[in-house]
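One structure is given below, encoded as structure tokens.
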Amino acid sequence: MIIIDSKLCKGCDICIATCPKKVYSKSDKVNTKNVYLPFPENEEGCTKCGLCELSCPDQAIYVKKEVE
Amino acid sequence: MAKQENPYKKYLREDRLPHIFCPGCGNGIVMNTFFKGLEGTDIDFDNIAMVSGIGCSSRVPGYVKCDSLHTTHGRALSFATGLKVGNPDLDVVVFTGDGDAASIGGNHLIHAARRNINLTVICINNNIYGMTGGQISPTSPKGSFGTTAPYGSRDLPFDLAELVSAAGASYVARWTTTHPIQLSKAIQKGLENEGFSFIEVVSQCPTYFGRKNKMKTPLSMHQYIKENSINKRRAEKMDESELEGKIIVGEFTNKPHKELSANIKELVEENSNKGLAIKSAFEELD
Ligand SMILES: Cc1ncc(C[n+]2csc(CCOP(=O)(O)OP(=O)(O)O)c2C)c(N)n1
Ligand code: SF4
Ligand code: SF4
Ligand code: SF4
Ligand SMILES: [Mg+2]
């Protein structure tokens, strides 16, 4: 499962561009700072490589690793 | 069980988040890669002391849950040298910027490298003075725009990785914020190297460099850096005209040799049959 922390995200879109599996797209939801949050639209495609977590400048992404 | 959260947050002072960096600024990415690199070593996080000067990049240690020294502009390496010589057991890490390290701190940089003191220096090179509003720095590319170069900079920039290698550092690498895996690995090697380690990170300042140089969004800067990076091995086969405007990435130096604080410790022991003063002070207290 992918969790975006809406309090930390600044909407830079780096996760959208970085994910090799094109998991993210821009959502139409905004946070309290009027930032459009990313949304893991194609979550089934995620390989849990962790690249988005490493590339998010605001530590706003959590990719849950264990099987639920 | 590990906390259910972003893997790098455990190293940060959560009460200070979100950090002050602009949306898409590379500084936050460099923080993550530092923690990932650290996790690859045997170093204890609690044994790290971070030192920085002044600049946006120099604010990184303020967010990290370890001992830190936020010092004066350009002097992080001088403070770090004192700290390391005083207590060689500490793992001393310096966060600096292109302005902090190469303008006002340029002489400290070359001499710290020459003496090969065991520090790990992470230099976030965004090719501009971010904190003070976008002035040209010694690494700003020729032709780039800044508030102090409204017609474009005419000067040739420093190649920091080459400069620090030539000055005598034992480990030097350059990567960018678009190479987070390779960058983490270089930081790991830098932390493990017993000597002066310099990791240059070409990074994006979307707010000033981006805006002044027709890259208005964080993503366009990120994309630009990615598309213009060339691995050192490939670059060696290319000529100067092909390399114009390119960012050469890879390992520049990996030649371990005797480092300063070990030299000083040895000198003191040989000549006084005593340990370093600070160490003996601790011993008397025990
Ligand atoms: C002695 C002194 N001179 C000038 C300044 C103003 N000043 C603050 S930060 C800075 C430049 C920082 O540039 P860099 O190290 O590249 O950091 P960045 O903000 O780009 O990360 C300058 C000139 C100062 N704080 N102290
Ligand atoms: S973990 Fe990897 S595959 Fe999954 S969303 Fe992040 S970058 Fe994409
Ligand atoms: S990289 Fe991080 S801060 Fe940027 S849009 Fe994605 S989640 Fe938000
Ligand atoms: S001014 Fe530039 S370097 Fe400073 S936080 Fe903003 S984007 Fe980053
Ligand atoms: Mg700078």
Side-chain angles (χ1 to χ4, degrees), chain A, chain B residues 1-14 16-37 39 56 60 63-64 124 176-185 187 203-207 210 217-227:
Chain A
M1 203 167 64
I2 296 170
I3 300 161
I4 310 284
D5 188 337
S6 63
K7 291 195 295 299
L8 293 183
C9 174
K10 291 178 188 155
C12 68
D13 298 349
I14 286 176
C15 52
I16 301 177
T18 309
C19 171
K21 297 293 175 188
K22 308 234 175 316
V23 164
Y24 296 100
S25 58
K26 199 97 173 152
S27 77
D28 49 15
K29 268 208 221 94
V30 290
N31 68 7
T32 53
K33 300 213 172 80
N34 252 341
V35 158
Y36 283 91
L37 300 166
F39 171 67
E41 195 178 357
N42 169 31
E43 213 178 311
E44 331 65 84
C46 172
T47 59
K48 301 190 189 294
C49 69
L51 199 61
C52 54
E53 287 173 323
L54 191 60
S55 299
C56 169
D58 286 276
Q59 295 76 37
I61 303 179
Y62 172 45
V63 182
K64 219 166 164 174
K65 302 287 181 328
E66 58 269 71
V67 257
E68 280 124 283
Chain B
M1 207 179 72
K3 223 167 143 191
Q4 304 274 314
E5 61 172 19
N6 173 284
Y8 310 109
K9 246 166 97 180
K10 59 177 174 287
Y11 300 106
L12 298 174
R13 298 180 192 276
E14 246 188 284
R16 293 196 190 166
L17 300 181
H19 48 57
I20 199 173
F21 306 136
C22 308
C25 172
N27 292 346
I29 305 176
V30 184
M31 289 203 293
N32 298 340
T33 58
F34 176 80
F35 302 132
K36 192 173 173 64
E39 285 170 359
C56 296
V60 167
Y63 293 107
V64 185
I124 305 180
T176 79
T177 48
T178 69
H179 302 88
I181 305 280
Q182 297 94 323
L183 173 59
S184 306
K185 188 75 199 159
I187 292 174
S203 179
Q204 69 274 19
C205 167
T207 301
T217 63
L219 214 51
S220 55
M221 273 228 73
H222 195 263
Q223 216 76 342
Y224 175 84
I225 292 175
K226 193 171 183 171
E227 282 162 12

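Worth saying up front: this structure is predicted, and the values here are computed from it rather than measured. All values below come from the heavy atoms of this structure, side chains included, with hydrogens, waters and symmetry mates left out. Naming: A, B, ... by sequence-line order, numbering from 1 per chain.
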task = Please identify each residue that fulfils ring-ring contact (aromatic ring centres under 6.0 Å, His included) with Phe35(B), with sequence neighbours left out.
result = Tyr11(B)
inquiry  = If we check side chain to side chain contact (heavy atoms under 4.5 Å, CB included) with Gln204(B), which of these qualifies: Leu219(B), Ile124(B), Thr177(B), Thr178(B)?
reply    = Thr177(B)
ask   = For the side chain of Arg13(B) and the backbone of Val64(B), is there at least one donor-acceptor N/O pair under 3.5 Å apart?
value = yes
message = I need the Thr217(B) OG1 to His222(B) NE2 distance, nearest 0.5 Å.
response = 11.5 Å
Listing, residues 2-13 of chain A side-chain donor-acceptor contacts under 3.5 Å, not counting sequence neighbours, or none:
residue: Asp5(A); atom: OD1; partner: Lys7(A); partner atom: N; Å: 3.0
residue: Lys10(A); atom: NZ; partner: Asp58(A); partner atom: OD1; Å: 2.8
residue: Lys10(A); atom: NZ; partner: His19(B); partner atom: O; Å: 2.8
residue: Lys10(A); atom: NZ; partner: His19(B); partner atom: ND1; Å: 3.2
residue: Lys10(A); atom: NZ; partner: Phe21(B); partner atom: O; Å: 2.6
residue: Asp13(A); atom: OD1; partner: Lys26(A); partner atom: NZ; Å: 2.5
residue: Asp13(A); atom: OD2; partner: Lys26(A); partner atom: NZ; Å: 3.4

task = Sort out for me which of Ser55(A), Cys56(A), Ala60(A) touches chain B most, counting heavy-atom pairs under 4.5 Å.
result = Ser55(A)
query = Can you pull out the residues in residues 14-22 of chain A with any heavy atom less than 4.5 Å from chain B?
reply = Ile14(A), Ala17(A), Thr18(A)
inquiry  = So for Ile181(B), is it side chain, backbone, both, or neither that comes closer than 4.5 Å to the heavy atoms of chain A?
reply    = both
task = Would you mind reporting whether Gln4(B) and Tyr62(A) have side-chain heavy atoms less than 4.5 Å apart?
result = yes
ask   = Is atom OH of Tyr224(B) surrounded by more than 12 heavy atoms (other residues, nucleotides or ligands) closer than 6.0 Å?
value = no
ask   = Less than 4.5 Å apart, any side-chain heavy atom of Phe39(A) and any of Asp28(A)?
value = no
inquiry  = Within the 4.5 Å heavy-atom criterion, are Pro18(B) and Lys33(A) side-chain neighbours or not?
reply    = yes
Residues from residues 24-33 of chain B approaching chain A under 4.5 Å (heavy atoms) = Gly24(B), Cys25(B), Gly28(B), Ile29(B), Met31(B), Asn32(B), Thr33(B)
key: Part of Ser184(B) lying under 4.5 Å from any heavy atom of chain A   = side chain
key: Heavy-atom check, side chain of Glu44(A) versus side chain of Asn42(A), under 4.5 Å   = yes
Heavy-atom donor-acceptor pair, Lys48(A) side chain to Cys46(A) backbone, under 3.5 Å = no
remark   = The interface call for Glu14(B) against chain A, heavy-atom contacts under 4.5 Å, is neither
